[in-house]
Asks: 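First the structure, which I've put down as structure tokens, then a few questions once you've had a look.
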Amino acid sequence: MGAIGAGGTLRRSHAAALTALAALLLLLLARQAPAPPPRPRPALAVPVAADVMPPSQPLADTTKLEASKIEPSKIESTVRIVPHAGTSVRNVTAAPSAAPTAATPRRDPRVVLTRDLYVAGHEQPHPELCPALGAHLRLLILVTSAPSHSIARDAVRLTWGHYAARRDVALAFVLGSPQESMRAALEAEDALYGDLVIGRSFDSYSNLTLKTLSMLEWADTYCPRVPRLLKTDDDMFINVPRLLRFVSTHENVTRTIWGKVVRKSLPKRTMKSKYYVSPLQFPGKVFPDFATGPAYLLTSDAIRPLLEAAPNEPYLRLEDVFITGVLGARLGMKRQHVAEFYNKKVAAHPCAVQRGIAIHMVQYHEQFDLWRKLLDGKTKCAS
Ligand SMILES: *[C@@H]1O[C@H](CO)[C@@H](O)[C@H](O)[C@H]1NC(C)=O
Ligand SMILES: *[C@@H]1O[C@H](CO)[C@@H](O)[C@H](O)[C@H]1NC(C)=O
Ligand SMILES: *[C@@H]1O[C@H](CO)[C@@H](O)[C@H](O)[C@H]1NC(C)=O
């Protein structure tokens with residue numbers, strides 16, 4: 001501590017003077033400038049450096065580090081760095097050298113909660129996709145997809161998605177809100193098939209969690225009486241008959257998520273990783289057990305509690321960790337490993353296809369190959 005010495009103090013008071021000057025300028029500007037237009041949604045993260053962080057580790061440095069290492073889109077959905085003139089002006093005038101922990105608020109203001117990002121509702125809800133609110137269905141399959149993936153959706157419709165012709169199975173694609181340039185094509189596609197549910201949060205990779213929430217919201221609003229929901233993606237092959245068999249042999253189960261359950265997974269703390277998670281988003285050392293995102297099955301009594309718990313949690317881009325792990329654990333839901341949820345690419349032997357429930361990383365043409373192998377009546381498989 002003593003090593004900081006007079007130089008540090010000097011620099012610190014110098015910095016304080018500068019910030020005070022800047023604050024004064026901001027104040028003057030704010031007086032003169034017309035009021036800014038109201039923000040559509042309240043910005044949550046108000047980074048108030050002075051009273052949250054100890055002066056010896058200025059927040060600005062860490063944020064600069066983050067900003068230089070990760071793309072803006074990642075910052076957007078993780079930590080919002082929005083200067084908020086009002087607050088900083090008020091607080092710079094307070095002694096910045098005050099004890100750092102004295103004013104620590106209950107929640108770190110840099111944490112972005114899920115409710116600050118999620119936009120509820122659907123542009124195109126298609127309630128008719130779930131007749132009688134799901135009372136006669138055994139299974140609802142919701143396939144998350146991106147606006148530009150029309151080819152992948154076609155492959156699903158022409159292959160395993162066919163099972164939605166059954167009266168006890170319903171299927172829809174769930175998309176986020178598209179860019180304006182995609183709208184016309186999506187409207188045309190939906191006019192043909194009527195199976196696109198479009199949410200109100202913008203569709204992007206870092207918004208995947210929001211898409212899953214949009215999916216849960218749709219199931220809760222338009223299909224609340226269905227007993228089981230399969231969440232899957234448009235690059236998956238789903239063996240629907242096998243899945244229906246699984247559903248009927250596990251029928252009296254409540255508050256459960258089945259899939260490929262990963263245990264003791266560690267958050268990636270290096271910012272270069274595609275799966276980077278900051279300690280603000282997830283402070284723990286180990287993720288709770290979670291079912292991987294490509295496909296998981298839920299009892300529908302899990303849907304409402306998940307939707308209710310999500311808004312108050314720090315936003316996490318890893319939708320599977322967030323929904324099935326963080327929320328699943330918080331709500332005390334069972335997460336059960338089922339080996340038939342391969343959720344990975346497999347050597348497409350007909351028996352592997354016939355024995356599995358979910359195969360990942362399937363491209364357009366591969367859907368037809370897997371579909372043929374599923375329905376291959378010739379190969380003798382053990383079970
Ligand atoms: C700003 O500083 C004042 C005075 O020290 C303090 O009472 C207040 O809680 C701070 N504002 C915020 C938003 O923390
Ligand atoms: C995520 O969705 C929200 C709500 O629509 C939007 O404001 C935000 O820009 C999106 N983020 C990204 C990175 O696309
Ligand atoms: C589920 O419960 C019903 C009614 O209690 C019972 O008839 C049925 O056998 C049970 N199914 C399974 C798979 O245990």
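For ligands, and for the atoms within them, numbers begin at 1 and follow the listed sequence.
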Asks: Could you tell me whether R153 and D195 make a salt bridge, using a distance below 4.0 angstrom between a side-chain N and a carboxylate O?
Replies: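 No, this pair does not count.
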Asks: Which atoms of ligand 2 have any heavy atom of V119 under 4.0 Å away?
Replies: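 Within the 4.0 Å cut-off of V119, ligand 2 contributes 4 (C), 5 (O).
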Asks: With ILVMFWY side chains joined below 4.5 Å, transitively, what does L158's cluster contain besides itself?
Replies: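 Once heavy-atom contacts under 4.5 Å are chained together, L158 belongs with I151, Y364, F368.
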Asks: Find all atoms of ligand 2 within a distance of less than 4.0 Å from any non-hydrogen atom belonging to L210, and give their numbers and elements.
Replies: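 Answer for ligand 2: 1 (C), 2 (O).
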Asks: What are the atoms of ligand 2, with element, lying closer than 4.0 Å to any heavy atom of S206?
Replies: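 Close to S206: 13 (C).
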Asks: Could you list the cluster mates of Y193? Members are the ILVMFWY residues connected by side-chain heavy atoms closer than 4.5 Å, either directly or through other members.
Replies: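 Other cluster members: L192.
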Asks: Any luck finding a side-chain donor-acceptor pair between E123 and S177 under 3.5 Å?
Replies: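 Per modelled atom types, E123 and S177 side chains form a pair under 3.5 Å.
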Asks: Students often mix this up, so state it plainly: with edges at 30° and 60°, are the rings of W258 and H250 parallel, tilted or perpendicular?
Replies: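 Perpendicular: the ring planes of W258 and H250 meet at over 60°.
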Asks: Going by the order shown, which atoms of ligand 2 are within less than 4.0 Å of some heavy atom of S204?
Replies: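 Under 4.0 Å from S204, ligand 2 has these atoms: 12 (C), 13 (C), 14 (O).
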Asks: S150 and E189: side-chain donor and acceptor closer than 3.5 Å?
Replies: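 Short answer, no.
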Asks: Checking D320 now: which residues fulfil side chain to side chain contact (heavy atoms under 4.5 Å, CB included) with it, not counting sequence neighbours?
Replies: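 Per chain and number, D320 pairs via side chain to side chain contact (heavy atoms under 4.5 Å, CB included) with F290, T292, L318.
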Asks: State plainly whether one hydrophobic cluster holds both V247 and Y296, where clusters connect Ile, Leu, Val, Met, Phe, Trp and Tyr through side-chain heavy atoms under 4.5 angstrom apart.
Replies: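 No; tracing contacts between hydrophobic side chains, which count when under 4.5 Å, never links both residues.
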Asks: Please list, in number order, the atoms of ligand 2 under 4.0 Å from a heavy atom of L117.
Replies: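 Checking each atom against L117, I get 3 (C), 4 (C).
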Asks: Judging by distance only, is a nitrogen or oxygen of F202 under 3.5 angstrom from one on ligand 2?
Replies: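 Yes - when backbone and side-chain N and O of F202 are compared with those of ligand 2, one distance drops under 3.5 Å.
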Asks: Is the shortest distance from a Lys or Arg side-chain nitrogen in K373 or D369 to a carboxylate oxygen in the other one below 4.0 Å?
Replies: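 Looking at K373 and D369, the cut-off is met.
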Asks: So, regarding N207 and ligand 2 (criterion: nitrogen or oxygen to nitrogen or oxygen, under 3.5 Å), is there a contact or not?
Replies: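 Yes, N207 has an N/O under 3.5 Å of an N/O on ligand 2.
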Asks: When you look for protein heavy atoms under 4.0 Å from ligand 3, which residues do they belong to?
Replies: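 Residues E251, N252 each place a heavy atom under 4.0 Å from ligand 3, listed by chain and number.
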